[in-house]
**Q** 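Can you read through this structure? Questions will come right after.
The figures that follow rest on heavy atoms only: side chains count, while hydrogens, waters and symmetry mates do not. The model shown is predicted, which means the values in this text are computed figures rather than measured ones.
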Amino acid sequence: MGTACRRNCGYSLIEVLIAFFVLSVGLMGIAALHLGSLRDNGSAALRTRAIVLAADMFDRIRANGSALEGNLYSAATGSYGTDNGCFSTATTVAAPCTP
C-alpha cells in the first residue's frame, strides 16, 4: 500500500453514507405522500356521504309534491323538521307523519 491507498481510502464509506442519506430522504417523502393521500381519502369519503344524503333529501322533497306546493318546507318548527309530532323518542311512538 503506497500513496494510492492514502488518497483513496475511505471514499467508499462516504459514498455509502451519502447514498443512505439520499435513500432515507426519498423514503420520508414517500411516507409523507402516503399520509397525505390517506387524509384526503377520508375527506373525500365524508364529502361523498354528504352529497348522497343531500341528494336523497332533495329526492324526498321532490317526491312529496303536496308539501312542496303548500310551502311546508320553508320554516322548521323544531330540531326534528317541520312536524314535531312526527318522530319517535324513547318514551313516545311517532304518529303518522303529515306532508
**Q** Just grab all the side chain to side chain donor-acceptor pair (under 3.5 Å) pairs involving residues 47-59, residues at least two apart or on different chains.
**A** Ser43-Arg47, Asp56-Arg60, Asp59-Arg62
**Q** What's in the same ILVMFWY side-chain cluster as Leu46, cut-off under 4.5 Å, chained through other members?
**A** none
**Q** Distance-only criterion, 3.5 Å: show the donor-acceptor pairs between side-chain atoms of residues 24-40 and protein atoms not counting sequence neighbours.
**A**
| from | atom 1 | to | atom 2 | distance (Å) |
| --- | --- | --- | --- | --- |
| Ser24 | OG | Phe20 | O | 3.3 |
| Ser24 | OG | Phe21 | O | 2.7 |
| Ser37 | OG | His34 | O | 2.7 |

